[in-house]
Peer 1: 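Attaching a single structure in structure tokens format; questions to follow.
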Amino acid sequence: MLSTMIRRKASLKGVLLAMLLITNMFLSKKCVSSSPICPNGTDNCQVSLGDLFDRAVKLSHYIHSLSAEMFNEFDERYAQGRGFIAKAINSCHTSSLTTPEDKEQAQQIHQHGDLLDLVLSVLRSWNDPLLHLVSEVQSIKEAPDTILWKAMEIEEQNKRLLEGMEKIVGRVHPGALSNEVYSTWSELPSLQLADEDSRLFAFYNLLHCLRRDSHKIDNYLKLLKCRLIHDSNC
């Protein structure tokens, strides 16, 4: 009798968790990403540049919020007492890109095109690692479903943001050649290591870098919007 009650409670808990995740996904998509940045596609976009930037800034902020939540959840659950943060400093795959560390440094880049190219480069640099993060995070022992959902959501929204930024670049610099520069990621074997500490650090480092880079993108887009839409009057 007791074991049956326990199984029923566990089953009910699983159902409630699944319902919560579905609700969160619906609400987040409804509020942030219910439609693409450019509804008619990048080749026939009738949205104004100001609206494109509004949508891009909201989406980048959403991605950064999710990445910060996912990192904090992973840190609390798996990284306590392991000394990961000391090893994670300056070990991101995007470190090969010369990117301003904060908004103040970004303001020193006076050419809009250079800053736009940096945004494209960082977003493209995350296509591959995010794809593999979604598949490999499921191998983590007792990984919460919330981490998996956030990884899936970020991977989807990063592609959406990249598409929108390509359209913005086309508006700001019509006819300009597309920038295909990005940093390659080669750390998939690290996410598949048999040694648990080493594997967990690989995940920790990837999430740490994602949080860092998503924050940079968020800052760059806010600065670009201020310059290009509000003539730096903000």
Peer 1: Could you state the interatomic distance from CZ (R160) to CD (E163), rounded to the nearest 0.5 Å?
Peer 2: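 CD of E163 is found 8.0 Å from CZ of R160.
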Peer 1: Treating R199 as the side-chain partner and L193 as the backbone partner, does any N or O pair qualify as donor plus acceptor under 3.5 Å?
Peer 2: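 Such a contact is found between R199 side chain and L193 backbone.
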Peer 1: So, K216 and E101, do they make that salt bridge, N to O below 4.0 Å?
Peer 2: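 Salt bridge present between K216 and E101.
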Peer 1: If I take atom CD1 from residue I154 and atom OG from residue S214, how far apart are they, to the nearest 0.5 angstrom?
Peer 2: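 Here the interatomic distance stands at 7.0 Å.
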Peer 1: Could you tell me whether a side-chain N or O of S198 sits under 3.5 Å from a main-chain N or O of D195, the two making a donor and an acceptor?
Peer 2: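 Here the side-chain-to-backbone pair does not exist.
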Peer 1: Okay, side chain of S65, backbone of H61: is any donor-acceptor separation there less than 3.5 Å?
Peer 2: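 Judged by distance alone, yes, a pair lies under 3.5 Å.
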Peer 1: Working to the nearest 0.5 Å, report the span between CG of L207 and CZ of F84.
Peer 2: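 Between L207 CG and F84 CZ, I get 11.5 Å after rounding to 0.5 Å.
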Peer 1: Decide, yes or no, whether a salt bridge links D54 with K225 under the criterion of side-chain N to carboxylate O below 4.0 Å.
Peer 2: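 Yes, this pair counts.
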Peer 1: Below 4.5 Å, heavy atoms only, C-beta onward: do S95 and R212 meet side chain to side chain?
Peer 2: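 Yes. Closest side-chain heavy atoms under 4.5 Å.
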Peer 1: If I compare all heavy atoms of N219 with all of K103, which pair ends up nearest, and what's the gap?
Peer 2: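 In terms of heavy atoms, the two residues are closest at ND2-N, 4.2 Å.
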Peer 1: Give the minimum heavy-atom separation between V47 and L52, together with the two atoms involved.
Peer 2: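 What the structure gives for the nearest pair is CG1-N, 3.9 Å.
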Peer 1: Let me check something: do V122 and L131 share a hydrophobic cluster, defined by ILVMFWY side-chain heavy atoms less than 4.5 Å apart, either directly or through other members?
Peer 2: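 V122 does not cluster with L131.
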Peer 1: Closest approach of R171 and L49, non-hydrogen atoms and distance?
Peer 2: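 Closest pair (atom of R171, atom of L49, distance): NH1-N, 3.5 Å.
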Peer 1: Are F71 and Y204 near enough that their ring centres are under 6.0 Å apart?
Peer 2: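 For F71 and Y204, the ring centres are under 6.0 Å apart.
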Peer 1: For a quick test of reading the model, state the closest non-hydrogen atom pair linking V57 to L221 and the distance between them.
Peer 2: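 Taking every non-hydrogen atom into account, CG2-O, 3.9 Å.
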Peer 1: Using modelled atom types only, decide if a donor and an acceptor are shared between the side chain of Y78 and the backbone of K141 within a distance under 3.5 Å.
Peer 2: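 Side chain of Y78 to backbone of K141: a pair is present.
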Peer 1: Step by step, work out the side chain to side chain contact (heavy atoms under 4.5 Å, CB included) result for V172 and V169.
Peer 2: CA-CA 5 Å; V172 176; V169 171; 5.9 Å; no
Peer 1: Can you tell me how far the CD1 atom of I85 sits from the CG atom of D75, to the nearest 0.5 Å?
Peer 2: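 So the gap between those two atoms works out to 7.5 Å.
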Peer 1: Given 3.5 Å as the limit, does a donor-acceptor pair link the side chain of D231 with the main chain of N233, or not?
Peer 2: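 Such a contact is absent between D231 side chain and N233 backbone.
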Peer 1: Measure the spacing between NZ of K222 and CG of L224 and express it to the nearest 0.5 Å.
Peer 2: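 The distance works out to 12.5 Å.
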Peer 1: Between I140, L133, V137, which is the residue that forms a side chain to side chain contact (heavy atoms under 4.5 Å, CB included) with I147?
Peer 2: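 When I140, L133, V137 are each tested with I147, the side chain to side chain contact (heavy atoms under 4.5 Å, CB included) holds only for V137.
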Peer 1: Taking CD in E104 as the centre, count heavy atoms belonging to other residues, nucleotides or ligands within less than 6.0 Å. Is the count above 12?
Peer 2: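 Above 12, so yes.
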Peer 1: Are more than 12 heavy atoms from other residues, nucleotides or ligands located less than 6.0 Å from atom CD of E76?
Peer 2: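 No, the 6.0 Å shell around CD holds no more than 12 heavy atoms from other groups.
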Peer 1: Could you pull out the closest heavy-atom pair between L191 and W185, with the gap in Å?
Peer 2: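 Distance-wise, the nearest heavy atoms are CD1-CH2, 3.8 Å.
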Peer 1: By the ring pair (Phe, Tyr, Trp, His ring centres under 6.0 Å) test, which pairs, at least two apart or in different chains, include something from residues 211-234?
Peer 2: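 Applying ring pair (Phe, Tyr, Trp, His ring centres under 6.0 Å) to every pair that reaches into residues 211-234, excluding sequence neighbours, yields H64-H215.
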Peer 1: Under 3.5 Å, is there a donor on one side chain and an acceptor on the other for S125 and T94?
Peer 2: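 The criterion, which ignores hydrogens and geometry beyond distance, is not satisfied for T94 and S125.
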Peer 1: Any chance you could measure S190, atom OG, to H132, atom NE2, to the nearest 0.5 Å?
Peer 2: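 The distance works out to 12.5 Å.
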Peer 1: Judged by atom type as modelled, is there a donor-acceptor pair below 3.5 Å linking the side chain of E156 to the main-chain atoms of M152?
Peer 2: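 Flag not set: sc E156 to bb M152 has no pair under 3.5 Å.
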Peer 1: Which heavy atom of L59 sits nearest to which heavy atom of Q157, and what is that distance?
Peer 2: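 The pair with the smallest heavy-atom distance is CD1-OE1, 3.4 Å.
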